Protein chains: 4
Amino acid sequence: MGNGSSPLLNPRKLPRQERSIATVDAIFEATIQVLSSDGLIGLNTTRVSRRAGVSVGTLYQYYPNKQALLFAMLERHLAVLAAAIERACDENLNARAEELAEAVVKAYLQAQMAQAEVSPALYRISLELDARALIDMATRRSVKAVGAALSSASDAQFADPDLVAQTLTAALYGMVPAFCHRVLAPADGREAEKQLIIEFRSYLGAHQSEVSGS
Amino acid sequence: MGNGSSPLLNPRKLPRQERSIATVDAIFEATIQVLSSDGLIGLNTTRVSRRAGVSVGTLYQYYPNKQALLFAMLERHLAVLAAAIERACDENLNARAEELAEAVVKAYLQAQMAQAEVSPALYRISLELDARALIDMATRRSVKAVGAALSSASDAQFADPDLVAQTLTAALYGMVPAFCHRVLAPADGREAEKQLIIEFRSYLGAHQSEVSGS
Amino acid sequence: MGNGSSPLLNPRKLPRQERSIATVDAIFEATIQVLSSDGLIGLNTTRVSRRAGVSVGTLYQYYPNKQALLFAMLERHLAVLAAAIERACDENLNARAEELAEAVVKAYLQAQMAQAEVSPALYRISLELDARALIDMATRRSVKAVGAALSSASDAQFADPDLVAQTLTAALYGMVPAFCHRVLAPADGREAEKQLIIEFRSYLGAHQSEVSGS
Amino acid sequence: MGNGSSPLLNPRKLPRQERSIATVDAIFEATIQVLSSDGLIGLNTTRVSRRAGVSVGTLYQYYPNKQALLFAMLERHLAVLAAAIERACDENLNARAEELAEAVVKAYLQAQMAQAEVSPALYRISLELDARALIDMATRRSVKAVGAALSSASDAQFADPDLVAQTLTAALYGMVPAFCHRVLAPADGREAEKQLIIEFRSYLGAHQSEVSGS
DNA sequence: GATGAATGAGTGTTCATTCAT
DNA sequence: GATGAATGAACACTCATTCAT
């Protein structure tokens, strides 16, 4: 639990040939490149396959259609985000609520920034496609991890840790679009992190009741 | 003849103008309908014009191209949101910070819910098109209004009201996509509002310094 | 004969109202302007009527369709050219063949240059539409005039003046396209005229047999 | 493997290449057919592709747009004309000026007649599109060849062979439109050739100064 | 398995023409 | 007569997907 056993990251069907692996990787990488250089609108199967150095036919051998290709991108992106949050939570079990808040925010923003080139495009995909199932899975993982960490907090107790975890997760995931929409300029990244941490800490403060013997 | 007759009041032109207005309205309404029933991908000029009960050519007489049509949608949506926030701020000048937080959150969510059908699609538009200018305008309006209201708060003083206003606005505008992503199920609307208000209040609390003579 | 009684220049059906005349003129002028500023491809009835300051409907009251409008343009252009040649011939009845050649070439090129802005576009029209009848009429007028002048030449006699006239006319009318195609650069205009005169003179020389008692 | 295998000789690719070549040829041929049966106005990509027995998409795989397709037609046409003139000049180096005139006229008219079906349409293209570069290239080739041949003429010397070559080329290329305009009826073809030769010969005669030792 | 030529339904957009006012 | 809103057929062009080689 919480160790990232999503089917997405768990390669159940390992491509048997090395060539296959190389091909899939090339396509994957090419998709990201095309996505960040041409955007979602400029992405088409021909362009991706050309950039990957394979033929369209080959692309279709690994992904049944364009949608599947995009789903795979989103899937991996969400898995990375969820894993980052989970790791932050795991490392802060039994820590103080304030520390947890900070760690989670930092982990999330860092993961997001690492994929800054593509995340707007991926966000677009998630609106375009019916990606509810994918997102549900990722957020459920995050909510669960955050909830568990909150429950274990050394200095506080929460009446409804899951509700709090859900709100925090929503606020967190909501920040990406804020960046995409440029409500927050990318230059403000540092400041945004600080403010987001304050937001989380004070929100947690409003919910927690001190642990007596602390 | 003989009267000043601004072209707008010229009685001979009225029937045509009325027709034009009716047509524009029909197209506008049709676009919203198509947007919420078929999504952004399923929206095409043929479909919109058919739903509006006019010919494609007519659509193009009022909107030079598809993009302009979508821009107009987004523009109106953002204007409604910004206006709602401004009104809430105006009505809470000199109020207590907590009341302001609550009023702004409620106003925003209410405006958003009123257009719930289309707003996901509109957010997609804002990513697809280069709508930065439009969004900048709307958020600047909101940030300004919130900043002014914070500065006038009867019970508190903020070191940097604009920074706080910016963060709150970002968090607010960011919530919509969170809803779109269904991180928060729509059924949780009531609860989401409550939590968001708590978040805002406590965040403001973390930033304010008591007004001495309070 | 030879005095320009083509139906084109002869206004058999005079518009009765002054307003009508003004409107027709405005449309005509607007068409020329649009033709030279936007080219034949950029010409459409809306643009012409707007430039003429009337509505499309009005345009269609005077010209049953776009083709008719363009025909009218070509018609007038050809009539002007034919008239210029006819005048040159009339003024050189009984002159020497060399003088005639020079006068005709100069008259033609001058008329052409005066309408240089539109003539490429008009030339295009003549290729686009089935303008054979129009062109036949204009060239027949020219051939006739040139033939008559040649027959009256004071210093020479031609075995087949009509054949010579026809060849010269063809060469003359053929020069326009040469200009349009930029086989001859417009800067060479002066030189082109000189060479064309030489061509005509020597061609006439090759055909004529000296009049004995001259 | 193991062999140098330029991609052009790769036997596995040959069938595909043959298919491509056949397709391009079919499109080319279809374009000419449509051009001569429906004219430039009646030519559209659907019609061409249907006549070629391929889909529109295929057409666009070989020509990026309609304009490129038409350019290709014009290019080939002009290349054929220029080549015909060059050959005539090459074969008449050191010949007498009169013979050269005759050979060039005959070569040009023959090449033109061979493509009589399309040449009017192609001339339209050259006016519609900005084909100056294409035409410049073709005429420069012709002017150069004619100029060289004139300079080598066994019986005459020209003060400015290039100017003469340019004028002749312009007159030559200008004749086609004259045919298009039907100033010269096609039935007169034979007679036109005769007259044109006379024209050229006498024009050359007017420019040449006898070679002393002739 | 790999290739890439071929497909064709679908989309945005234009514009000559009509006709109710 | 004048107006200009409305029409809709027509066109250029795209791209996900297939399949013969």
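Note that the structure is a prediction, hence the values are computed from the model and not measured. Here is the naming used below: chain letters follow the sequence lines, and residue numbers restart at 1 for every chain.
If you check dA2(E), dT17(F), dA5(E) against the side chain of Ser20(D), the one that comes closest is dA5(E).
The neighbour count for Arg50(D) CZ, taken as heavy atoms of other residues, nucleotides or ligands under 6.0 Å away, does not exceed 12.
For DNA chain F, if you chain together Watson-Crick or G-U pairs that step i with j, i+1 with j-1 and so on, the runs of at least three with distances under 3.5 Å are E:2-21 with F:2-21.
In this structure the side chain of Leu70(C) reaches within 4.5 angstrom of the side chain of Leu40(C), judged on heavy atoms. In this structure the side chain of Asp38(D) reaches within 4.5 angstrom of the side chain of Arg47(D), judged on heavy atoms. In this structure, Met73(A) and Leu43(A) have side chains that are not in contact, with every pair of non-hydrogen atoms separated by 4.5 Å or more. Contact of the Ile125(C) side chain with the Phe71(C) side chain is not registered, since no non-hydrogen atoms from C-beta on lie closer than 4.5 Å. Within the 4.5 Å cutoff, the side chain of Tyr123(D) has heavy atoms near those of the His77(D) side chain.
Between the CD1 atom of Ile21(A) and the P atom of dG1(E) there is a distance of 13 Å, given to the nearest Å. Following rounding to the nearest Å, Leu69(D) (CG) and dC13(F) (P) show an atom-to-atom distance of 10 Å. Atom P of nucleotide dC15(F) and atom CZ of Arg50(A) are separated by 11 Å, given to the nearest angstrom. dA16(F) atom P lies 14 Å from atom CD1 of Ile27(A), rounded to whole Å. Tyr63(A) places its OH atom 17 Å from the C1' atom of dA2(E), with the value rounded to the nearest Å.
DNA chain E is contacted by Leu43(C), Asn44(C), Thr45(C) of residues 29-48 of chain C, taking any non-hydrogen atom closer than 4.0 Å. For the contact set between residues 51-60 of chain B and DNA chain F, defined by any heavy atom under 4.0 Å, the members are Val54(B), Ser55(B), Gly57(B), Thr58(B).
Heavy atoms only, all atoms of each residue included: Tyr60(A) and Asn65(A) are closest at CE2-CA, 3.9 Å. In plain terms, the two heavy atoms of Ala26(D) and Ala52(D) that are nearest each other are O-CB, 3.6 Å.
Heavy-atom distances to DNA chain E give each of Lys66(B) and Thr23(A) a nearest nucleotide, and the one nearer the 5′ end belongs to Thr23(A).
Note on Gln61(D): every side-chain N or O is 4.0 Å or more away from OP1 and OP2 of dG4(E).
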Open item on the list: Checking Leu69(C) against Ile27(C) for the side chain to side chain contact (heavy atoms under 4.5 Å, CB included) test, could you report, in this order, the C-alpha distance in whole Å, the side-chain angles of both residues, the deciding distance, and whether it holds?
Closed with: CA-CA 9 Å; Leu69(C) 175 66; Ile27(C) 293 173; 3.9 Å; yes
TODO: Go through Arg76(A) and Ile32(A) one step at a time and tell me if the side chain to side chain contact (heavy atoms under 4.5 Å, CB included) criterion holds.
DONE: CA-CA 11 Å; Arg76(A) 197 192 68 149; Ile32(A) 289 182; 3.5 Å; yes
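Judged purely by distance below 3.5 Å, without hydrogens or angles, the side chains of Ser20(C) and Thr23(C) never pair a donor atom with an acceptor atom.
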